[in-house]
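Chain A is the first sequence line, chain B the second, and so forth, proteins listed ahead of strands; every chain is numbered from 1. This structure is a prediction, so every number in the text was calculated from the model and none was measured.
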Protein chains: 2
Amino acid sequence: MPDDPWQPPRILLAVDLVILTLRDARLHVLLVERGIDPFLGALALPGGFLRDEHEDIEVAARRELSEEAGLSDVHLEPLAVYGEPGRDPRGRVVSVAYLAIAPRLPEPVAGTDAANASWIPVDDALAPGAKLAFDHRRIVIDGVERARVKLEHTALATAFCAESFTISELQQVYEAVWDVRLDPRNFYRKVQGARGFIVADGPMRKTPNGRPARLFRAGPIHVLNPPMTRP
Amino acid sequence: MPDDPWQPPRILLAVDLVILTLRDARLHVLLVERGIDPFLGALALPGGFLRDEHEDIEVAARRELSEEAGLSDVHLEPLAVYGEPGRDPRGRVVSVAYLAIAPRLPEPVAGTDAANASWIPVDDALAPGAKLAFDHRRIVIDGVERARVKLEHTALATAFCAESFTISELQQVYEAVWDVRLDPRNFYRKVQGARGFIVADGPMRKTPNGRPARLFRAGPIHVLNPPMTRP
DNA sequence: AGGACTTCCTGTCGTTCTGACAAAAAGCTA
DNA sequence: TAGCTTTTTGTCAGAACGACAGGAAGTCCT
């Protein structure tokens, strides 16, 4: 067999997005109702195929983030690859999943394109009865777990907050993502002790009721030292 | 535009392997000398394209692990995806990189297939003068960094050791991967304190010189509590 | 105006964890 | 037996952590 006519197989490459945010102290994920055939009508993660052979994968992820969710300038990081042969009935589709974290501000899903997108509480999306298209249930689980782990030793929590935030708002992020209750006094001490995590914003304050809280911004540090410890 | 003739682009999917091991207290990575055209003669990570359209990606990784390195039954985990458009001159190649950890035992590279594979100290492979094919330098860096991080809060270090090992052998793993010196007394206490990390093996011992050391096996736990802390 | 209430922020206290070091234990070699 | 090496068991002070008390600074209600 001197000349081998073997050619590597060609694959369809897709991107899927796990977009997490906080709404009234609960963790939500953005899901869209599918309008085309495989799993028509079922809930699925936003995503799609590469536009053409030259599009970068992360560029495609940001494009879908903008097209399907109306979001830009949010935290975005690669999550994992899902390429099991039977995962898509249309053929061999390998999907690169990304994890995106959006601040709580964009309350209603911006409606330029697919307005059939909606924020679903993660607990509901993963409830035993809930059915997600493809292997998206597994992808959501992996995305949430990634967020939980990264909250421990990186400054990812600030990506859930607006540019200015209070320490108790930051605490709500940890409580919602970890699904635990934390002591405000110890949390305050811990967060202040991790230098570079948060820095004081203007000495302004804001207040619905109770004593006004100081405002902070995300600091320059991305890796927490010492890390936050989950109970 | 009611019917859109657009078709998603088709991509070449490859797997690349960062295989790490310890040889005389230094971290090594397995590299092969390329025998075909792109980057012919340069050092590269073992890897290759999917065999056919139905091969699972991790199965392909284990196949390459066996074909190009003669290894089986080693720790293997997904590392990341590398799909930048220009990374392979042959076309749009998206590569799924895996991280493999091999115990120190298989000293010479098993020579069934490609005997042009060799263990290279990571320091040499990443030295400023060294040239690796494609973007494999970046992949090696990411693989080593992944190993460093996972050593902190998982039991990954035991994957570098044989089935039975001493605590000082385990310490050498941490010292080589982290490139630090650790206090044997504190390391001993720390490792013993993380329950489930290591369990006593037969009360046997072994000894080149010095007091004989107790033997341990990897415990049932994969996540360390408390974690190992890097100085 | 003056409490009542809410939330934010600063401390305290005892336990646990950590890093630096001492010293005994258990082999080998000469 | 003395000397060397390496493993194992302790000790001790300082840092980190969980649980909790209490003052500070606002709003709301009467």
Pairs satisfying side-chain hydrogen bond (donor to acceptor under 3.5 Å, both in side chains), at least one member in residues 138-149 of chain B, at least two apart: Glu77(B)-Arg146(B), Tyr82(B)-Asp142(B), Arg138(B)-Asp142(B)
pair Phe160(B)-Val177(B): side-chain heavy atoms closer than 4.5 Å: yes
Return a table of donor-acceptor pairs under 3.5 angstrom between the side chains of residues 121-135 of chain B and protein atoms on other chains or two or more places apart.
| unit_1 | atom_1 | unit_2 | atom_2 | d |
| --- | --- | --- | --- | --- |
| Asp135(B) | OD1 | Arg87(B) | NE | 3.4 |
| Asp135(B) | OD1 | Arg87(B) | NH2 | 3.0 |
| Asp135(B) | OD2 | Arg87(B) | NE | 2.8 |

Contact summary for Thr158(A) and Phe197(A), nearest pair of heavy atoms: CG2-CE1, 3.7 Å
Close side-chain approach of Val29(B) to Thr21(B), heavy-atom, < 4.5 Å: no
The single option from Asp179(A), Val173(A), Leu22(A) passing side-chain contact (heavy atoms from CB on, under 4.5 Å) against Leu27(A): Leu22(A)
Sub-4.5 Å side-chain heavy-atom contact between Ile57(B) and Tyr98(B): yes
Flag side-chain contact, heavy atom, 4.5 Å: Pro46(B) against Leu30(B): yes
Check: residues 218-231 of chain B side-chain donor-acceptor pairs under 3.5 Å, at least two apart:
| unit_1 | atom_1 | unit_2 | atom_2 | d |
| --- | --- | --- | --- | --- |
| Arg230(B) | NH2 | Glu152(B) | OE2 | 3.2 |

Which residues share a salt bridge (charged side-chain N to carboxylate O under 4.0 Å, His left out) with Lys190(A), sequence neighbours left out: none
Phe165(B) ring center within less than 6.0 Å of Phe216(B) ring center: no
All side-chain contact (heavy atoms from CB on, under 4.5 Å) counterparts of Asp56(A), not counting sequence neighbours: Glu58(A), Val59(A), Glu84(B), Pro85(B)
NZ/NE/NH1/NH2 to OD/OE distance under 4.0 Å, Asp24(B) and Arg26(B): no
Proximity to DNA chain D (any heavy atom under 4.0 Å), residues of residues 224-231 of chain B only: none
Any residue of residues 176-200 of chain A with a heavy atom less than 4.0 Å from an atom of DNA chain C: Arg185(A), Tyr188(A)
Nucleotides 24-30 of chain D: protein proximity per nucleotide (B base, S sugar-phosphate only, - neither; heavy atom, under 4.0 Å): BBS----
Five-pair end axes of the helix from dC9(C)-dG22(D) to dA30(C)-dT1(D), angle between them (10°): 10°
Partners passing side chain to side chain donor-acceptor pair (under 3.5 Å) against Arg214(B) (at least two apart in sequence or in another chain): Tyr188(B)
Pair Phe187(B)-Ile167(B), side chain to side chain contact (heavy atoms under 4.5 Å, CB included): steps then yes or no: CA-CA 8 Å; Phe187(B) 184 81; Ile167(B) 290 188; 3.9 Å; yes
Neighbours of DNA chain D within residues 164-172 of chain B, by heavy-atom distance under 4.0 Å: Ser168(B)
Boundaries of the DNA chain C segment in contact with chain A, non-hydrogen, under 4.0 Å: dT6(C) to dG11(C)
His153(A) and His153(B) aromatic ring geometry - parallel, tilted or perpendicular at 30°/60° bounds: tilted
Minimum side-chain heavy-atom gap Leu170(B)-Ile198(B) below 4.5 Å: yes
